[in-house]
Amino acid sequence: MKTKLKALALPLLLSSTMAVAQNPLFTDVFTADPAALVHKDTVYLYTGHDEAPNNDVFFEMHDWLAFSSTDMVNWKKHGPIMKATDFKWAKGDAWAAHMIERDGTFYFFTTVRHDETKPGFAIGVATSKSPTGPFKDAIGHALVTDDMTKHTPNDWDDIDPAIYEEENGDTYMFFGNLVPKYVKLSDDLLSLDGEIKTIDLPNFTEALWVHKKDEYYYVSYACEFPEKICYAMSKSIHGPWQYQGILNEIAGNSETNHQSIIEFKGKSYFIYHTGAVPPKDGKPSGGRFRRSVAIEPLLYNEDGTLQRIIMTTEGLSKGK
């Protein structure tokens, strides 16, 4: 019995004397749909903000949150950077977003619900000179609206923008629900430069993310439902994409799964959300509409394929 007590005491001692980045990262606020940006020596983490009072009805999301870290362990909170209704043409619903930086300007591509002039979910773009905002609508109208794509009868099939910039400056936006799509953006990132194309990916649901390492491009995405994260590889941003299978299993207590992949100070990381926050002060636990962001290391095999993500409660607290 004494041995067990000593084993239990050790983590308590460590947590009181050093910064520990356990999963989920934040337990005082519900965060979802992570999108991380590495800028200079800092990681900026942008998340949706789940505010549903319980897990029985649907998502309630009004604004986006930002956090920053220089070591992936200690995180600074910056509060809301923008509300969905800051887009005057939007009714609300601050769903998944993605941030990039170009020439000192930060471009925030977001999912919101459009007003009745173009009903359905749409993608907007906002800009700021600071990675933590405030952000303002950059063009005064949506970049993509539901009437521009008719691949499904659903009005939420244009969600989850993810931006990828080629070394030559060509920039593409990946997005979609049930049907994966991508489109080239104009040089100023404020309009489309070409037709919207579809991608051949098995079992696709949503949450596209594109990154590159060495000679390979990787597209990861939420697959099936409840959602896992699957991925495919290619030697071109235009494909063809070779399916590689599951990267991350169903995240605990959450039917959705949404990932962000970055490289920071020579290491790669997989950022995702779960429903793992326990009940606190008599309030409902985390769950399907009350999600929380977590981080794990991402490892590559010698042939370039990705090792399966092992979800942990310790996260990066073990110096991974």
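In this text the structure is predicted, and so the values were computed from the model without any measurement.
Taking 4.5 Å as the limit, every side-chain heavy atom of Lys184 sits out of range of all side-chain heavy atoms of Leu192. Contact check for Tyr46 versus Ile81: side-chain heavy atoms found under the 4.5 Å cut-off. For the pair Pro180/Phe174, no side-chain contact is recorded, criterion being any heavy-atom separation below 4.5 Å from C-beta on. Under the 4.5 Å side-chain criterion, counting only non-hydrogen atoms from C-beta, Trp95 is in contact with Met61.
Side-chain N/O atoms of His273 and Thr256 include a donor and acceptor closer than 3.5 Å. A side-chain donor from one of Gln259 and Ser220 sits under 3.5 Å from a side-chain acceptor of the other. For the residue pair Thr313/Gln22, the side-chain donor-acceptor check at 3.5 Å is not satisfied. Between the side chains of Lys129 and Thr105, a donor-acceptor pair is found at a separation under 3.5 Å. Between His78 and Ser68, the side chains place a donor N or O and an acceptor N or O closer than 3.5 Å (distance only, hydrogens not considered). For the residue pair Tyr217 and Glu166, a side-chain donor N or O sits within less than 3.5 Å of a side-chain acceptor on the partner. When only modelled atom types and interatomic distance are considered, Asn177 and Glu206 share a side-chain donor-acceptor pair under 3.5 Å. In the model, Asn23 has no side-chain atom that pairs as donor or acceptor with a side-chain atom of Glu314 under 3.5 Å. Side chains of Arg290 and Ser254: a donor-acceptor N/O pair is absent below 3.5 angstrom, by distance only. Judged by distance alone, the side chains of Thr274 and Arg291 never bring a donor and an acceptor atom under 3.5 Å apart. Inspection of the Glu249 and Asn257 side chains reveals no N or O donor paired with an N or O acceptor under 3.5 Å.
Note on ring orientation: taking the six-membered ring where Trp is involved, the planes of Phe87 and Trp89 are tilted (angle from 30° to 60°).
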Could you go through Trp64 and Phe108, starting from their C-alpha distance and side-chain angles, then the distance that decides it, and tell me whether this counts as ring pair (Phe, Tyr, Trp, His ring centres under 6.0 Å)? CA-CA 10 Å; Trp64 296 274; Phe108 193 48; 5.4 Å; yes

Determine, step by step, whether Phe109 and His98 satisfy the ring pair (Phe, Tyr, Trp, His ring centres under 6.0 Å) criterion, reporting the C-alpha distance in whole Å, the side-chain angles of both residues, the deciding distance to 0.1 Å, and the verdict. CA-CA 5 Å; Phe109 294 82; His98 190 114; 7.8 Å; no

Can you check ring pair (Phe, Tyr, Trp, His ring centres under 6.0 Å) on Tyr221 and Trp209, steps first, answer last? CA-CA 6 Å; Tyr221 58 96; Trp209 183 277; over 10 Å; no

Verdict with reasoning, Tyr164 to Tyr172, per ring pair (Phe, Tyr, Trp, His ring centres under 6.0 Å): CA-CA 5 Å; Tyr164 184 80; Tyr172 299 88; 8.0 Å; no

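Under the 4.5 Å side-chain heavy-atom criterion for grouping Ile, Leu, Val, Met, Phe, Trp and Tyr, Val183 is not connected to Val219 through any hydrophobic cluster.
Heavy atoms of other residues, nucleotides or ligands lying less than 6.0 angstrom from CG of Asn168 number more than 12. Heavy atoms from other residues, nucleotides or ligands lying under 6.0 Å from NZ of Lys40 number 12 at most. The number of heavy-atom neighbours closer than 6.0 Å to CG of Asp200, taken from other residues, nucleotides and ligands shown, is 12 or below. Atom CD of Glu263 sits in a crowded spot, with more than 12 heavy atoms from other residues, nucleotides or ligands closer than 6.0 Å.
Checked by atom type and distance alone, the side chain of Ser69 pairs as donor or acceptor with a backbone atom of Asn74 at under 3.5 Å.
Sorted by first then second residue, the disulfide (SG to SG under 2.5 Å) pairs that include residues 247-297, not counting sequence neighbours, number zero.
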